[in-house]
Peer 1: 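Shown below is the structure under consideration.
In this text the structure is predicted, and so the values were computed from the model without any measurement.
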Amino acid sequence: MDVRGFEVVSSYEDHNINLPQRKTAESAGYDFECAESVTIMPGEVKIVPTGIKAFMAYNEYLALHIRSSIGIKKHVILANCTGIIDSDYYNNEDNEGHILLGLYNLGSEAVTLEKGERVAQGIFNRYLVANEDVADGIRRGGIGSTDPK
């Protein structure tokens, strides 16, 4: 049986964090909120905590996308365009699988995002691997953790 869902990371248990939710029965994405208020200056990239970790089956990932209202109205995008959360990121040793959002302010004015403001959406997906796949043995950590440099 495939299992997927969300939990609050232990360091944010006392911060009144809401688990991501779909807002309508036909919504693909689960809305992620800021775990704390943050101001992003023009041209700045800021790592924003969500207080959330996600669990899923081994052949699944969670794709993170900016909410259209944040991109259009506030000129903020994900610095990496689409965030990919792999199933083995959950409960890793470095940060417990805490999902962090790298947000980039494209605008000409500072943007403040308030705690609890919905900024991104996560969509669960399945993936396939090549016949000769040999991926193994890499310890999973935080952002960019599988980069050998």
Side-chain angles (χ1 to χ4, degrees), residues 1-41 44-74 76-106 111-130 133-149:
M1 172 193 247
D2 292 339
V3 177
R4 67 200 55 83
F6 304 102
E7 298 172 356
V8 175
V9 295
S10 59
S11 60
Y12 279 81
E13 285 177 347
D14 297 328
H15 289 79
N16 297 319
I17 301 297
N18 296 313
L19 293 178
Q21 295 180 9
R22 295 180 317 131
K23 293 300 180 189
T24 70
E26 295 186 24
S27 295
Y30 289 83
D31 288 338
F32 279 77
E33 301 175 355
C34 294
E36 51 195 57
S37 296
V38 62
T39 298
I40 309 169
M41 300 307 292
E44 180 181 29
V45 173
K46 193 161 270 189
I47 304 300
V48 178
T50 65
I52 298 294
K53 59 184 175 178
F55 58 91
M56 64 210 84
Y58 79 95
N59 64 338
E60 296 179 342
Y61 67 96
L62 180 68
L64 296 173
H65 306 273
I66 200 74
R67 291 187 70 237
S68 58
S69 61
I70 297 297
I72 293 167
K73 295 177 183 175
K74 297 193 176 191
V76 172
I77 64 171
L78 286 175
N80 58 339
C81 297
T82 301
I84 301 296
I85 307 300
D86 299 308
S87 63
D88 63 351
Y89 187 63
Y90 175 75
N91 277 345
N92 74 72
E93 294 176 9
D94 289 348
N95 69 0
E96 195 184 340
H98 188 179
I99 296 172
L100 305 169
L101 303 171
L103 300 180
Y104 176 52
N105 181 354
L106 291 171
V111 172
T112 298
L113 301 170
E114 301 296 339
K115 179 189 183 308
E117 187 169 352
R118 296 177 297 143
V119 295
Q121 55 186 327
I123 301 172
F124 288 103
N125 297 277
R126 291 186 187 268
Y127 65 89
L128 304 172
V129 297
D133 184 70
V134 293
D136 66 354
I138 296 175
R139 186 179 68 80
R140 171 65 62 191
I143 294 174
S145 65
T146 57
D147 186 356
K149 297 175 185 165

Peer 1: Working to the nearest 0.5 Å, report the span between CD of E33 and CD of E114.
Peer 2: 12.5 Å
Peer 1: Go through it in stages, so that I can follow the logic: the residues are Y89 and D94, the test is side chain to side chain donor-acceptor pair (under 3.5 Å), and I'd like the CA-CA distance, side-chain angles, deciding distance and then a yes or no.
Peer 2: CA-CA 10 Å; Y89 187 63; D94 289 348; over 6 Å; no
Peer 1: Roughly how far, to the nearest 0.5 Å, is the CG atom of D88 from the CZ atom of F55?
Peer 2: 15.5 Å
Peer 1: Passes side chain to side chain donor-acceptor pair (under 3.5 Å), E96 versus S10? Steps please.
Peer 2: CA-CA 8 Å; E96 195 184 340; S10 59; 2.6 Å; yes
Peer 1: I'd like to know whether OH of Y58 has more than 12 heavy-atom contacts from other residues, nucleotides or ligands below 6.0 angstrom.
Peer 2: no
Peer 1: Mind listing the closest non-hydrogen atom pair of I84 and Y61 along with its distance?
Peer 2: CD1-CE1, 3.7 Å
Peer 1: Starting at CG of L62, measure out to CD1 of I52 and round the result to the nearest 0.5 Å.
Peer 2: 11.0 Å
Peer 1: Do S37 side-chain atoms and K115 backbone N/O form a donor-acceptor pair below 3.5 Å?
Peer 2: yes
Peer 1: Are D31 and R67 close enough for a salt bridge, meaning some N to O gap below 4.0 Å?
Peer 2: yes
Peer 1: Tell me if a side-chain donor or acceptor on T50 pairs with a main-chain N or O of I99 at a distance below 3.5 Å.
Peer 2: yes
Peer 1: Go through it in stages, so that I can follow the logic: the residues are K74 and L113, the test is side-chain contact (heavy atoms from CB on, under 4.5 Å), and I'd like the CA-CA distance, side-chain angles, deciding distance and then a yes or no.
Peer 2: CA-CA 9 Å; K74 297 193 176 191; L113 301 170; 3.9 Å; yes
Peer 1: Measure the OG-CD distance between S27 and Q21 for me, rounded to the nearest 0.5 Å.
Peer 2: 11.0 Å
Peer 1: Would you find more than 12 non-hydrogen atoms of other residues, nucleotides or ligands less than 6.0 Å from K73 atom NZ?
Peer 2: no
Peer 1: Quick one: does L101's side chain get under 4.5 Å of V119's, heavy atoms only?
Peer 2: yes
Peer 1: So which atom in I66 and which in G71 form the shortest heavy-atom distance, rounded to 0.1 Å?
Peer 2: CG1-N, 4.3 Å
Peer 1: Can you establish whether the number of heavy atoms outside N16 located under 6.0 Å from its atom CG is more than 12?
Peer 2: no
Peer 1: Tell me whether E60 is salt-bridged to R126, with the criterion being a basic N under 4.0 Å from an acidic carboxylate O.
Peer 2: yes
Peer 1: Could you tell me if the side chain of L103 sits less than 4.5 Å from the side chain of K46, heavy atoms only?
Peer 2: no
Peer 1: Between M56 and S87, which heavy-atom pair has the shortest distance, and what is it?
Peer 2: CG-CB, 3.6 Å
Peer 1: Kindly give the heavy-atom pair with the smallest separation between G102 and I47, and that separation in Å.
Peer 2: CA-CD1, 3.9 Å
Peer 1: Tell me whether the rings of F6 and F32 are parallel (<30°), tilted (30 to 60°) or perpendicular (>60°).
Peer 2: perpendicular
Peer 1: Could you check if a side-chain atom of N91 sits within less than 4.5 angstrom of a side-chain atom of K53, using non-hydrogen atoms only?
Peer 2: yes
Peer 1: Any chance you could measure L128, atom CG, to D133, atom CG, to the nearest 0.5 Å?
Peer 2: 11.0 Å
Peer 1: So F124 and Y30, would you call those rings parallel, tilted or perpendicular, with 30° and 60° as cut-offs?
Peer 2: perpendicular
Peer 1: State, to 0.1 Å, how close H15 and S11 come at their nearest heavy-atom pair, and which atoms those are.
Peer 2: CE1-O, 3.4 Å
Peer 1: Please report the closest heavy-atom contact between A63 and N125, naming both atoms and the distance.
Peer 2: CB-ND2, 3.6 Å
Peer 1: Nearest 0.5 Å please: distance from the CG atom of L78 over to the CD1 atom of I70.
Peer 2: 10.5 Å
